[in-house]
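As the structure is a computational prediction, the values presented were derived from the model and not from experiment.
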Amino acid sequence: MPADQHAPPGQSNGRTSGRSPGRSSDAAGHIDRTVVSADGTPIAVAESGSGPALVLVGGAWDHHGSPAVERVVEALRDRYRVVTYDRRGRGASGDTAPWSVEREVDDLAAVTASVDGPADAIGWCVGAGVVLRGLAAGVPFGRAVLWEPPYRATVDPQGDDVLFADFLDGHVAAGRRAQAVRAFLSRVLGVPIPHITAARLKPGLWRSLLADAHVLARDVRVLNGLSVPERVAASIGVPVLVASGDGGPEWMRQASVALAEAVPGSRHLVVPGQGHVPEPRVLRHLVDRFVGMPTEE
């Protein structure tokens, strides 16, 4: 189950603000600087650790201060320069209208351009879909690890079904943020209804989920209406590892296999004992073996 705790907003001053791009932060969740996307939207960025640069993009509720992001940063920062950012409309980043998938890609490109030297990427859940879009658009990552993007292998890959996204937007516009969160958790992530009910009994957790209800429809659109974006994937020309666990829903593994088949030259790996939310040490192992080693090995 996702959890979220927002960090204080950073301050913007032109292209970047706060610490210089090459300087590491001393704590996960700390905002080092703000980069400006192509449409002028300020995007909050943090760096932690030293070594090869690695840009992280998490799930729907993962941004600065979220426990999931902090744990992954802690697992990686002793060997990598870990770069995280708040996607537009989330956390300390801005939100210029109108939203589009292309602007999400512009944000990722701006974050990557602010990093000294080459960078690789890791994305999990919806973040894997963001990285995939970025790779297809030419964001200059050398390699990428994608963990269980919640596509559906059985959905028409030629379609671009936005009906569910419109449904979520309608809930939010009518003030039914709880209904939007429940629908997203159930339909997109496959969270059982009893688990969603249990989350409502934790006021802090539930408030954090409601806070980002307005951006959930965007994630459905980033995920191509939940169908594997075969045409997008086919245009990627860098090494990609798609990984999934054997402890989660079978449909997520099927989707990961379908995505790996769609990305030229990519690999699929099933990790024993892991569900949709992998242990940070597992992501560390994947990065060490795939991103952290020379391409020719």
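A salt bridge does not link R71 to E74: none of the charged side-chain nitrogens sits closer than 4.0 Å to a carboxylate oxygen. The pair D169-R221 meets the salt-bridge criterion, since a charged nitrogen lies less than 4.0 angstrom from a carboxylate oxygen. A salt bridge is defined here as a Lys NZ or Arg NE, NH1 or NH2 lying under 4.0 Å from an Asp or Glu carboxylate O, and R87 with D219 meets this definition. Using a 4.0 Å cut-off between charged nitrogen and carboxylate oxygen, R81 and E47 count as a salt-bridge pair.
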Exercise. Show your reasoning for whether side-chain hydrogen bond (donor to acceptor under 3.5 Å, both in side chains) applies to R177 and H214.
Key: CA-CA 8 Å; R177 298 177 76 88; H214 62 291; 3.3 Å; yes
Quiz item: Would S37 and D106 satisfy side-chain hydrogen bond (donor to acceptor under 3.5 Å, both in side chains), going step by step from the backbone distance to the final call?
Solution: CA-CA 6 Å; S37 192; D106 287 343; 5.1 Å; no
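Linking ILVMFWY residues whenever their side-chain heavy atoms come closer than 4.5 Å, directly or via other members, places V139 and V238 in the same cluster. In the hydrophobic clustering of this structure, F167 groups with V126; members are Ile, Leu, Val, Met, Phe, Trp, Tyr whose side-chain heavy atoms approach within less than 4.5 Å, directly or through other members.
The structure places CG of D120 at 5.0 Å from CZ of R143, a figure rounded to the nearest 0.5 Å. Distance check, rounded to the nearest 0.5 Å: CE of M252 to CH2 of W147 gives 11.0 Å.
Looking only at distances, no side-chain donor or acceptor of R90 sits under 3.5 Å from a matching main-chain atom of W61.
A cation-pi arrangement is found for R187 relative to F164, the charged atom lying closer than 6.0 Å to the ring centre and inside a 45° cone about the ring normal.
What you find for V188 and W251 is that their closest heavy atoms are O-CH2, 3.4 Å. Between T112 and A119 the shortest heavy-atom distance is CG2-CB, 4.4 Å. In plain terms, the two heavy atoms of A255 and V228 that are nearest each other are O-CG2, 4.3 Å.
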Show me the side-chain donor-acceptor pairs of residues 272-284 shorter than 3.5 Å, one per line, residues at least two apart or across chains.
residue, atom, partner, partner atom, Å
Q274, OE1, E279, N, 2.8
H276, ND1, E148, OE1, 2.8
E279, OE1, R281, NE, 2.6
E279, OE1, R281, NH2, 3.0
R284, NE, D288, OD1, 3.1
R284, NE, D288, OD2, 2.7
R284, NH1, A75, O, 2.9
R284, NH1, D78, OD1, 2.6

Counting only pairs under 3.5 Å, give me each side-chain donor-acceptor contact of residues 196-207, with atom names and distances, residues two or more places apart or in other chains.
residue, atom, partner, partner atom, Å
T197, OG1, I193, O, 3.1

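The side chain to side chain contact (heavy atoms under 4.5 Å, CB included) with V82 is formed by just one residue from the set I122, V55, V73, V72; it is V73.
A donor-acceptor pair shorter than 3.5 Å can be found between the side chains of R77 and S48.
Judged as a salt bridge (Lys or Arg N to Asp or Glu O under 4.0 Å), and not counting sequence neighbours, the contacts of D39 are R88, R103.
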